[in-house]
Number of protein chains: 2
Amino acid sequence: MRLSTKGRYAVTAMLDLAINGKNGPVTLAEISENQGISLSYLEQLFAALRGKDLVRGVRGPGGGYYLGKSADEISIANIICAVDEWVEFTRCGGRQNCSGGARCLTHTLWDDLSTEIFNFLANITLGDLVKRNLGKKTGQEDNPLSVVADSRSEAA
Amino acid sequence: MRLSTKGRYAVTAMLDLAINGKNGPVTLAEISENQGISLSYLEQLFAALRGKDLVRGVRGPGGGYYLGKSADEISIANIICAVDEWVEFTRCGGRQNCSGGARCLTHTLWDDLSTEIFNFLANITLGDLVKRNLGKKTGQEDNPLSVVADSRSEAA
DNA sequence: TGATTACCGAGTGATTTAGTAGGTAATTAC
DNA sequence: GTAATTACCTACTAAATCACTCGGTAATCA
């Protein structure tokens with residue numbers, strides 16, 4: 001799992017699309033204007049998103065982009081993986097010969113953590129984000145985003 | 001929150017330190033050997049980790065590095081933030097004049113998600129990772145890393 | 001036919017990544 | 001003392017990535 005500014009741009013653009021695409025397609029020019037991302041960079045990002053069927057483009061006047069599927073079916077992990085392709089970090093991949101030493105133990109731990117982070121982001125959908133924010137707006141008091149955040153968060 | 005290969009190197013190195021530093025300091029040369037990371041790059045990473053008191057160096061023969069505090073007090077977020085400094089993504093920061101439009105709504109959503117990811121990683125310590133792995137080794141059947149991973153993980 | 005929009009490829013300065021090289025400072029062992 | 005070892009520090013660099021510009025082509029609508 002990799003979370004760079006590129007992934008953020010993609011998530012931000014997809015959020016914009018989820019919010020503004022309710023009735024009719026949204027043009028990249030609009031997203032560019034709304035989010036302050038250059039048009040050409042958006043084109044690159046959407047080429048990747050299109051490849052994973054996360055968005056669907058319609059050409060011509062009145063055209064633009066739709067979400068490729070329902071916002072509830074698109075996870076944050078989906079978006080990030082589409083633009084920020086997965087790089088295998090541990091060279092051994094678990095199967096090579098850094099046999100049993102401290103190196104492979106560390107790699108195993110990293111792999112497990114990596115999987116956990118991925119699952120975490122795979123469990124948050126675009127729909128979740130939008131819905132939670134609406135809930136907040138209607139006067140909810142608890143932090144509606146706290147799925148896991150609990151006590152021991154003195155870490156900073 | 002930013003999660004790059006640099007952060008991974010740092011987490012991996014810190015894991016190595018947590019595992020091998022039980023009795024005596026660990027040299028960067030050992031970590032370099034164990035994890036396949038160049039010595040000089042480790043020096044750069046550890047300079048940042050030292051700055052945040054996450055590690056403590058001892059010079060001279062028999063020297064090396066200790067964890068700066070207990071493994072249970074060092075979160076993954078701590079490590080990543082030390083080496084991969086926090087970049088504010090949304091230019092408006094919530095306070096500027098992208099007043100109420102779709103742009104700021106999206107930014108708010110992104111900020112909330114970002115906070116959620118941070119809290120998630122802030123709740124996982126080096127100690128957790130090591131302990132969970134030991135639990136796994138003693139023949140535990142459940143995935144000991146599944147803190148949040150539950151049902152709806154058809155996303156990929 | 002012309003405007004609009006997605007789609008496509010080449011190129012680019014700035015930044016980041018991961019590393020080399022060549023030191024100095026502190027500590028230990030002899 | 002002297003030599004070895006280790007942290008600690010600065011400067012430099014090839015390669016990759018980031019975010020962008022430019023200049024197109026293809027489809028669709030009025």
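Numbers restart at 1 for each chain; the letters A, B, ... are given by sequence-line order, proteins then strands. When reading the values below, keep in mind they use all heavy atoms of this one structure, side chains included, and skip hydrogens, waters and symmetry mates. From a predicted model like this one, the values you see are computed outputs, not experimental measurements.
Under 3.5 Å, the side chains of A:D128 and A:T125 contain a donor-acceptor pair of N or O atoms.
The CG-P distance, from B:L49 to D:dC8, rounds to 11 Å in whole Å. One interatomic measurement links the two molecules: CD1 of B:I37 to C1' of C:dT20, which rounds to 17 Å at whole-angstrom precision. Rounded to a whole Å, the CG atom of B:L39 is 12 Å from the P atom of C:dA21. Regarding B:L45, its CG atom lies at a distance of 14 Å from the P atom of D:dA7, rounded to whole Å. Atom CD in B:Q44 sits about 19 Å away from atom P in C:dG23, given to the nearest Å. To the nearest angstrom, C1' of D:dA11 lies 17 Å from OH of B:Y41. In this entry the distance linking CG of A:L42 with P of C:dA6 reads 10 Å, nearest Å. Remark: C1' of C:dG19 and NZ of B:K6 are 13 Å apart, rounded to the nearest angstrom.
In this structure, of C:dA6, D:dT21, C:dC8, it is C:dA6 that holds the atom nearest to the side chain of A:L28. Comparing D:dC18, D:dT21, C:dA18 against the side chain of A:T5 picks out D:dC18 as the nearest. Taking the side chain of B:P61 as heavy atoms from C-beta on, and the options C:dA6, C:dT27, C:dC8, the nearest nucleotide is C:dT27. Of all nucleotides listed (D:dC29, D:dC8, D:dC20), D:dC8 comes nearest to the side chain of B:Y65.
Using modelled atom types, no side-chain atom of A:S114 and backbone atom of A:W110 make a donor-acceptor pair closer than 3.5 Å.
Comparing A:G60 and B:S40 along DNA chain D, the residue whose closest nucleotide (by nearest heavy atom) sits nearer the 5' end is B:S40.
Ring geometry, B:F46 versus B:Y65: the interplanar angle falls from 30° to 60°, so the pair is classed tilted.
The shortest non-hydrogen separation linking B:V83 to B:L49 is CG1-CD2, 4.1 Å.
For the pair B:R2 and D:dT17, the criterion of a side-chain N or O lying under 4.0 Å from OP1 or OP2 is not met. Residue A:R56 places no side-chain N or O under 4.0 Å from the OP1 or OP2 atom of C:dC7. For C:dA18, neither phosphate oxygen OP1 nor OP2 lies less than 4.0 angstrom from any side-chain nitrogen or oxygen of B:R8. At D:dC8, none of the side-chain N or O atoms of B:R59 fall inside 4.0 Å of OP1 or OP2 (strictly under the cut-off). Contact annotation: B:S4 reaches the phosphate of C:dT17 (side-chain N/O to OP1 or OP2, under 4.0 Å).
Using a 4.0 Å cut-off between charged side-chain N and carboxylate O, B:R50 and B:E43 make no salt bridge.
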